[in-house]
Amino acid sequence: MPVYKAPLRDFDFVLNELIKVQDIIPSLPGYEEATQDIFSSYLEAAAQFCESELAPLNRQADEEGCQYDSATKSVTTPTGFKEAYKQYCELGFPALDCDPSYGGQGMPKSLAFPIMEMQCSANVAWSMYPGLSHGAYSAIHAHGTEEQKAAYLPKLVDGSWTGTMCLTEPHCGTDLGLLKSRAEPNGDGSYRITGTKIFISAGEHDLSDNIIHLVLARLPDAPKDVKGISLFIVPKFLDDKSRNAVSCGSLEHKMGIKANATAVINLDGAKGWLIGEPNKGLSCMFTMMNAARLGCGMQGLGIGEASFQGALSYARERLQMRALNGAQCPDKAADPIIVHPDVRRMLLTQKAYTEAGRALAALLALQLDIEDKHPDAGVRADAADLVALLTPVAKAFMTDNGYTAANLGMQVFGGHGYIREWGMEQLVRDARISQIYEGTNGIQAIDLLGRKVLLDQGAKLRKFTKLIHKFCQQYEGHAQLGEFVNPLAKLMKEIGEITMGIGMASLSNKDEAGAAATDYLRLVGHLTYAWLWARMAEVAYAKLGQGEDAFYNAKIATARFYYAKLLPEAEALKASIKTGAKPLMALEEAHFGF
C-alpha cells in the first residue's frame with residue numbers, strides 16, 4: 001500500500017522560487033506576519049498531520065464507509081475520522097485563512113492551498129468535511145448580515161460546527177432553474193423550508209456539534225428559472241438546541257469517496273433564514289461554488305500526487321524483464337520496471353501534470369490573496385479577472401489530469417493495481433467524482449468559453465496571454481529556453497486566432513461554441529501548463545551550480561517531457577475545434593441506436 005510523503009521541497013520551489021510569494025504576501029495589508037518561516041512551520045505541521053493521521057486511515061475508511069442509522073437518521077463516520085477531526089481543530093487548521101474578527105488566524109490562501117493539497121493526497125474523503133465547512137464560511141462571510149456572521153462564523157472557524165451546500169434535487173442537477181424547494185415566510189424573519197436535496201457531501205455525520213446547511217429554495221411568487229432562487233441558512237440544531245426539521249433520508253451508494261457522507265437531505269418545514277437578497281441566492285451560492293470548484297481541482301492534484309508516489313515507489317522495486325539495451329541490475333533476477341520506456345512515460349506523465357497543477361494552484365491562490373488585500377483597485381481587478389478565467393481550467397483540466405494520473409498509477413502496478421489491498425484502485429475511484437460535481441467538466445468548458453472569453457470579447461483572455469507574451473518576449477532567442485519559448489509563443493498566437501474563429505462562427509450558430517468548448521478548455525489548459533513549465537525551467541536553469549542540481553535538472557527534464565510528449569495534444573485539439581459543430585449535430589437523434 002502506498003505511503004504518502006508530503007512534497008515539501010516542491011512546495012518550497014513553487015511558492016518561494018517560482019511564484020515568489022514572499023515578495024508579495026507580507027506587503028499586503030493584514031498579511032505582514034505571513035513570513036517564510038511562518039509558511040514553513042505551518043506546512044511542516046500539516047505534513048506531519050496528513051502523513052501520520054490522515055493517510056493511515058484512508059484505505060480502511062474506504063472499506064468501512066459511513067454507516068447510516070435509519071431509526072435515528074444519523075451517520076457514523078469511519079473509525080478514526082472523529083479523532084482526526086478533533087486533532088485537526090485543536091491544531092487550528094479550520095481557522096487558518098479565516099477572518100481574525102471571528103477567531104480566524106488571518107493567513108493567506110497561498111498557505112492554505114498547499115495544505116489543502118496534502119489533505120486531498122492523504123485522505124480526500126476526510127478532507128471534504130472541513131472543505132465544505134470552509135465554503136459555507138466564505139458564503140456567510142461574504143453575504144451574511146452582521147448578526148448572521150456573529151452567530152455562525154466563530155463556530156465554523158473553530159470547527160465545532162461544519163457546513164454544507166444544498167443545491168441539487170432529484171430532478172435537477174446543473175440546471176438549478178428547475179429546483180422546486182420552497183421557502184415560506186414565518187412572519188418573524190425566518191422561513192419554513194420544504195424540499196429534498198440529493199448528493200449533499202458531508203450532509204450528515206458525527207464530527208461536529210452542528211451542521212449548517214446553505215439551501216437554495218424559492219420564495220412564494222418568485223420569478224421562474226434561476227432569477228427566482230434564494231439562499232437560506234438552515235442549521236441542523238436551532239439556538240435552543242432543539243432539532244430542526246432537516247434530516248438525512250439516506251446515504252448514496254457510490255463508486256468512490258465512500259468515507260464521505262453523501263446524503264439525501266429532507267427539509268420538512270425546516271426553519272431557515274435568508275442570506276443575501278431575495279431571489280439573488282445563486283450569486284451568493286457562487287461564492288461557495290467557486291471555492292468548491294477550486295477545491296475539486298485540488299482533489300485532482302492531490303490524488304494525482306498520491307498515485308504518482310505509489311507508482312514511483314513500486315516501479316523502483318518491482319522486478320520484471322530486462323531493459324531493452326541490456327541488464328541494468330545483473331545481480332538481480334530482472335530489472336526494476338522503471339527502466340522500461342513505457343513505464344517512464346506513465347510516471348513522467350503523472351509527474352508533469354502534477355507539478356504543473358501545483359504551480360497553477362499556487363498562482364491562483366496568490367491571485368486570490370491579491371484580489372482580497374491589495375490596496376490598488378486596478379491590481380485587485382486584474383487578479384480577479386485571472387482567477388475568473390482560470391477557475392474553470394483549474395477545475396476541469398486539473399481533475400481530468402488527476403484522473404489520468406490515477407489510472408496511470410494503477411497501470412504501473414499491473415494486476416496488483418487492480419487489487420484493492422494495494423490502494424491504487426481506490427485512488428481511481430476517488431478521483432472520478434471530481435470531474436463530475438460542482439459542475440461537470442463539460443459545464444466548466446462552456447463557462448470558460450462562453451462566459452469568461454466570448455462574453456467580454458476576450459478581455460480576460462488577453463490579460464492572461466499578455467503575461468505569456470511578456471515572458472516570451474523576455475526570452476526570445478534565449479539559448480536554453482528557446483525550446484520552450486518558441487512553441488509557447490506559437491500556441492498562444494494560435495489560440496487567439498481560434499478564439500476569434502469560434503466567436504465568429506457562434507454568431508450564426510451557438511452550437512459552434514458548445515461543440516468547441518471541451519477541446520477549447522483543454523487547449524487553454526495546455527497553454528497554461530506550458531507557460532508554467534517554461535517558467536519552472538527558467539528558474540531551474542538559473543539555480544544550476546548552486547547546489548541541488550539533481551532537483552533542478554529534474555525540473556528541466558520534466559519540462560522537456562511535457563513539451564515533447566504531452567503538449568502535442570494541442571495539435572489534435574486545434575484540428576478537432578476547426579471541424580465545428582456539424583459532425584456532432586448531423587446525426588438525427590432517432591438514428592443514434594436502439
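Numbering of residues begins at 1 and proceeds along the displayed sequence.
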Original post:
Are Ser110 and Asp369 linked by a side-chain donor-acceptor pair shorter than 3.5 Å?
Top reply: yes
Check the orientation of [X] and [Y]. Use parallel for under 30°, tilted for 30 to 60°, and perpendicular for over 60°.
| X | Y | value |
| --- | --- | --- |
| His526 | Tyr562 | tilted |
| Phe81 | Trp126 | perpendicular |
| Tyr129 | His205 | perpendicular |

- [ ] Could you tell me whether Asp456 and Lys460 make a salt bridge, using a distance below 4.0 angstrom between a side-chain N and a carboxylate O?
- [x] yes
- Does Glu17 come within less than 4.0 Å of Arg9, counting only side-chain N to carboxylate O? yes
Among residues at least two apart in sequence or on other chains, which ones pass side chain to side chain donor-acceptor pair (under 3.5 Å) with [X]?
| X | value |
| --- | --- |
| Tyr4 | none |
| Thr287 | His143 |
| Ser160 | Asp158 |

Taken in chain and number order and not counting sequence neighbours, the residues that satisfy ring-ring contact (aromatic ring centres under 6.0 Å, His included) with His134 are Tyr137
d(Leu467 CG, Leu363 CG) to nearest 0.5 Å is 8.5 Å
NZ of Lys197 to CG of Leu167, rounded to nearest 0.5 Å, is 6.5 Å
Exercise for review: Would you check if the distance from the ring center of Phe561 to the ring center of Trp533 is below 6.0 Å?
Suggested key: no
Could you tell me whether His478 and Phe484 have their ring centroids closer than 6.0 angstrom? no
Handout entry: Lys NZ or Arg CZ of Lys373 over Tyr31 ring: under 6.0 Å, within 45°
Key = yes
- Query: Cationic tip of Arg522 within the cone over Phe397's six-membered ring, i.e. under 6.0 Å and within 45° of the normal?
  - Reply: no
Residues pairing under side chain to side chain donor-acceptor pair (under 3.5 Å) where one sits in residues 38-47, two or more places apart or in two chains, turn out to be Tyr42-Gln105
Contacts satisfying salt bridge (Lys or Arg N to Asp or Glu O under 4.0 Å) that involve residues 116-143 (not counting sequence neighbours) are Glu117-Arg358
